Q: 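Pasting a structure here, questions to come.
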Amino acid sequence: MRLTSGQARRIAVAAQGFAEPTPTGAVTRAHLKRLVSRIQVLQLDSVSVAVRAHYAPIFSRLGPYDRGLLERAAWSHSARSPRLLVEYWAHEAALVAVDDWPLLRWRMRECADGRWGKEIVRKNRQLAADVVAAVAELGPSTAGQIEAHLAAEPRGRKGPWWDRSDTKWVAEALFASGTLTTATRVGFARHYDLSERVLPPEVFAREVADDDAVRALVLRSASALGVGTETDIRDYFRLGAGQAKPVIADLVAEGELEAVEVQGWNAPAYLRAGQTVPRVNRGTALLCPFDPLIFFRPRVERLFDFHYRIEIYVPEPKRQFGYYVWPFMLDGELVGRVDLKADRARGALYAVGAFAEPGRDPGRVAEAMSTELRTMATWLELDDVVVGERGNLVEPLRRACG
């Protein structure tokens with residue numbers, strides 16, 4: 001089977017839930033559960049210049065919603081409202097469905113000494129045991145609370161992640177190994193607890209063979225992508241080539257995936273069985289830098305002919321577009337981008353810079369973008385949209401925003 005680039009793009013956008021109508025009433029837990037089952041991951045990131053990354057994909061697909069809905073689903077539990085999501089290293093740090101936690105046990109075993117700073121963990125076996133004992137006694141706790149409880153050495157000056165105390169390194173290693181997980185977050189600070197106390201007993205007890213787990217993750221990736229290369233599929237859950245290649249071959253043989261050629265792609269692609277090819281371009285949304293549709297940048301370029309890099313770590317004078325730039329999708333195509341900041345002191349959503357892609361009608365892009373920005377401002381409880389001075393779209397956007 002051969003797909004045009006436009007067909008592949010429409011499949012990808014629809015697979016991510018953008019072709020569906022937004023709910024007519026309030027977004028509910030059922031809507032959230034259905035969306036997560038479709039896109040699989042909500043990436044976590046500490047940047048809060050506009051809104052934290054895990055909140056944004058839901059807004060982009062379902063429209064304005066109560067962010068407390070996500071917080072309750074991820075970081076609280078009751079008999080009436082069981083925990084729906086849990087944190088782990090999926091794509092990167094991410095929220096995933098609670099039921100999918102056992103599919104990542106193989107990674108937890110690989111990360112028995114953490115993902116980074118393994119030498120610190122290996123030199124501090126007793127500290128690891130002490131941290132587990134402290135959490136067992138304290139309940140949900142930050143690394144600082146655990147450290148204080150253990151009467152550990154004082155932290156030095158505050159600094160970047162490589163200045164973490166040994167207690168923080170060990171707590172993170174225990175998180176990576178699956179011994180601890182996040183019970184809740186307060187002000188985005190992670191409160192660790194024993195995984196067996198956070199997860200439902202049947203989920204914590206479930207063992208999945210590594211091959212079966214990778215097969216399930218490949219299928220979830222393929223479904224979330226709609227169509228993708230082997231590299232695309234691997235990236236979604238950060239699988240190794242040795243893990244994914246044989247599974248993809250088996251799934252093609254079983255008819256779960258279909259090998260296809262996509263116009264302009266230099267590698268074979270795989271279509272999830274039963275995936276239809278939409279005939280109409282749909283999907284209009286602001287996309288945060290860590291949205292699952294665009295977090296694998298090489299695929300963004302192939303699908304949308306859109307070169308995108310996040311410039312947070314680029315010195316300001318060298319930035320091309322801005323600090324925290326959101327691509328703008330209009331009718332299933334990436335047509336512009338906007339550097340966003342929630343300026344709460346002014347009560348405004350600040351479009352620091354705005355840019356239309358070459359060949360796009362600035363007036364049309366600005367009108368559609370202004371609608372999305374006003375909706376976003378209302379969602380974030382901001383009173384106004386303010387347009388800055390940078391970019392070829394700022395003048396028409398300022399007019400459109402009134």
Side-chain angles (χ1 to χ4, degrees), residues 16-17 20 22-48 50-104 135 138-143 145 171 175 178 180-204 206 220 224 285-286 288 290-292 342 344 375-382:
Q16 283 280 309
E20 302 294 324
T22 56
T24 53
V27 175
T28 66
R29 180 182 168 91
H31 292 123
L32 176 60
K33 186 174 183 178
R34 189 159 52 246
L35 179 60
V36 171
S37 73
R38 188 166 203 158
I39 66 176
Q40 303 299 326
V41 297
L42 294 169
Q43 188 169 336
L44 294 160
D45 190 80
S46 60
V47 177
S48 59
V51 63
R52 293 198 192 276
H54 53 287
Y55 296 110
I58 303 164
F59 167 75
S60 297
R61 291 157 178 79
L62 301 180
Y65 73 101
D66 174 11
R67 281 171 284 166
L69 176 72
L70 176 58
E71 292 162 2
R72 291 187 294 274
W75 296 306
S76 68
H77 174 85
S78 68
R80 186 175 179 182
S81 183
R83 185 181 299 268
L84 183 64
L85 305 171
V86 68
E87 290 185 31
Y88 192 62
W89 294 102
H91 175 74
E92 286 290 329
L95 292 166
V96 298
V98 160
D99 286 345
D100 285 351
W101 189 85
L103 300 180
L104 295 159
V135 171
L138 293 171
S141 310
T142 65
Q145 290 168 336
F175 173 85
L180 302 181
T181 190
T182 307
T184 191
R185 282 185 181 262
V186 179
F188 204 64
R190 177 181 282 159
H191 288 238
Y192 302 92
D193 201 355
L194 303 179
S195 295
E196 62 200 78
R197 295 201 298 215
V198 173
L199 296 162
E202 67 278 8
V203 172
F204 183 76
R206 188 183 309 142
R220 282 162 171 72
L286 292 161
C288 90
F290 304 106
D291 190 287
R344 300 203 174 274
T375 302
M376 182 184 233
T378 301
W379 174 55
L380 296 178
E381 300 177 314
L382 300 170

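Since the structure is predicted, the reported quantities are computational estimates derived from the model, not experimental observations. Every heavy atom of this structure was used, including side-chain atoms; hydrogens, water molecules and symmetry mates were not.
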Q: What is the distance from atom CD of Gln43 to atom SG of Cys288, rounded to the nearest 0.5 Å?
A: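 Spacing of CD (Gln43) from SG (Cys288) equals 8.0 Å.
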Q: Report the C-alpha separation of Ile58 and Leu69 in whole Å, then their side-chain angles, then the decisive distance to 0.1 Å, and conclude whether the side-chain contact (heavy atoms from CB on, under 4.5 Å) test is met.
A: CA-CA 11 Å; Ile58 303 164; Leu69 176 72; over 6 Å; no
Q: Distance-only criterion, 3.5 Å: show the donor-acceptor pairs between side-chain atoms of residues 50-57 and protein atoms not counting sequence neighbours.
A:
from, atom 1, to, atom 2, distance (Å)
Arg52, NH1, Ser46, O, 2.4
Tyr55, OH, Glu71, OE2, 2.5

Q: In Å, rounded to the nearest 0.5 Å, how long is the span from CG of Asp100 to CZ of Arg220?
A: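 Atom-to-atom, Asp100:CG and Arg220:CZ are 4.0 Å apart.
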Q: Can you list everything that forms a ring-ring contact (aromatic ring centres under 6.0 Å, His included) with His91? Sequence neighbours excluded, please.
A: Phe295
Q: Identify, with sequence neighbours excluded, every residue that meets side chain to side chain donor-acceptor pair (under 3.5 Å) alongside Arg61.
A: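 Testing Arg61 for side chain to side chain donor-acceptor pair (under 3.5 Å), a comparison that skips the adjacent residues, returns Gln16, Asp291.
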Q: Could you list the residues that satisfy salt bridge (Lys or Arg N to Asp or Glu O under 4.0 Å) with Asp45, not counting sequence neighbours?
A: none
Q: Could you list all the side-chain hydrogen bond (donor to acceptor under 3.5 Å, both in side chains) pairs where at least one residue sits in residues 32-42, not counting sequence neighbours?
A: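 Of all non-adjacent pairs touching residues 32-42, none passes side-chain hydrogen bond (donor to acceptor under 3.5 Å, both in side chains).
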Q: Once ring-ring contact (aromatic ring centres under 6.0 Å, His included) is applied, do any residues pair with Phe290, and if so which ones, sequence neighbours excluded?
A: none
Q: For Ser60 and Leu286, which heavy atoms make the closest approach, and how far apart are they?
A: OG-O, 2.6 Å
Q: Are Arg67 and Leu380 side-chain neighbours, meaning at least one heavy-atom pair lies under 4.5 Å?
A: yes
Q: Of all the heavy-atom pairs spanning Pro102 and Val203, show the shortest one and how long it is.
A: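 Closest pair (atom of Pro102, atom of Val203, distance): CG-O, 3.4 Å.
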Q: Check the orientation of Phe59 and Trp379. Use parallel for under 30°, tilted for 30 to 60°, and perpendicular for over 60°.
A: parallel
Q: Please, which pairs that meet salt bridge (Lys or Arg N to Asp or Glu O under 4.0 Å) have at least one residue in residues 87-99, sequence neighbours excluded?
A: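 Those involving residues 87-99 are Glu87-Arg185, Glu87-Arg190, Glu92-Arg238.
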Q: Donor-acceptor pair, Ser141 side chain versus Tyr192 backbone, under 3.5 Å?
A: no
Q: Considering only heavy atoms from C-beta outward, does the side chain of Tyr65 approach that of Leu70 to under 4.5 Å?
A: yes
Q: For Arg197, enumerate each residue passing the salt bridge (Lys or Arg N to Asp or Glu O under 4.0 Å) test, keeping only those at least two apart in sequence or located in another chain.
A: Asp193
Q: Who passes side chain to side chain donor-acceptor pair (under 3.5 Å) against Ser81, sequence neighbours left out?
A: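 Arg29.
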Q: Pair Leu95, Trp75 - check side-chain contact (heavy atoms from CB on, under 4.5 Å), show working.
A: CA-CA 10 Å; Leu95 292 166; Trp75 296 306; 4.1 Å; yes
Q: Holding to side chain to side chain donor-acceptor pair (under 3.5 Å), I want the full list of residues that pass it with His31, two or more places apart in sequence or in another chain.
A: Thr28
Q: With a 4.5 Å limit on heavy-atom distance, are the side chains of Thr184 and Ser76 in contact?
A: no
Q: Is there side-chain contact between Ser195 and Trp101, with heavy atoms separated by less than 4.5 Å?
A: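 In short, these two side chains touch, coming nearer than 4.5 Å.
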Q: Does Glu381 have more than 12 heavy atoms from other residues, nucleotides or ligands lying within 6.0 Å of its CD?
A: no
Q: How would you list, by chain and number, every residue that makes a salt bridge (Lys or Arg N to Asp or Glu O under 4.0 Å) with Arg83, sequence neighbours excluded?
A: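 With neighbours one apart ignored, the set is empty.
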Q: Find the distance between OG1 (Thr182) and CZ (Phe175) and round it off to the nearest 0.5 Å.
A: 4.5 Å
Q: I need the single residue from Leu84, Val198, Leu199 that forms a side-chain contact (heavy atoms from CB on, under 4.5 Å) with Val98. Which is it?
A: Leu199
Q: Donor-acceptor pair, distance only, cut-off 3.5 Å: does the side chain of Glu20 make one with the backbone of Gly17?
A: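 Such a contact is absent between Glu20 side chain and Gly17 backbone.
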Q: Drop me the distance from Thr181's OG1 to His191's NE2, to the nearest 0.5 angstrom.
A: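 Interatomic distance, Thr181 OG1 to His191 NE2, rounded to 0.5 Å: 13.5 Å.
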Q: What is the minimum heavy-atom distance between Val41 and Ala94, and which atoms define it?
A: CB-CB, 4.3 Å
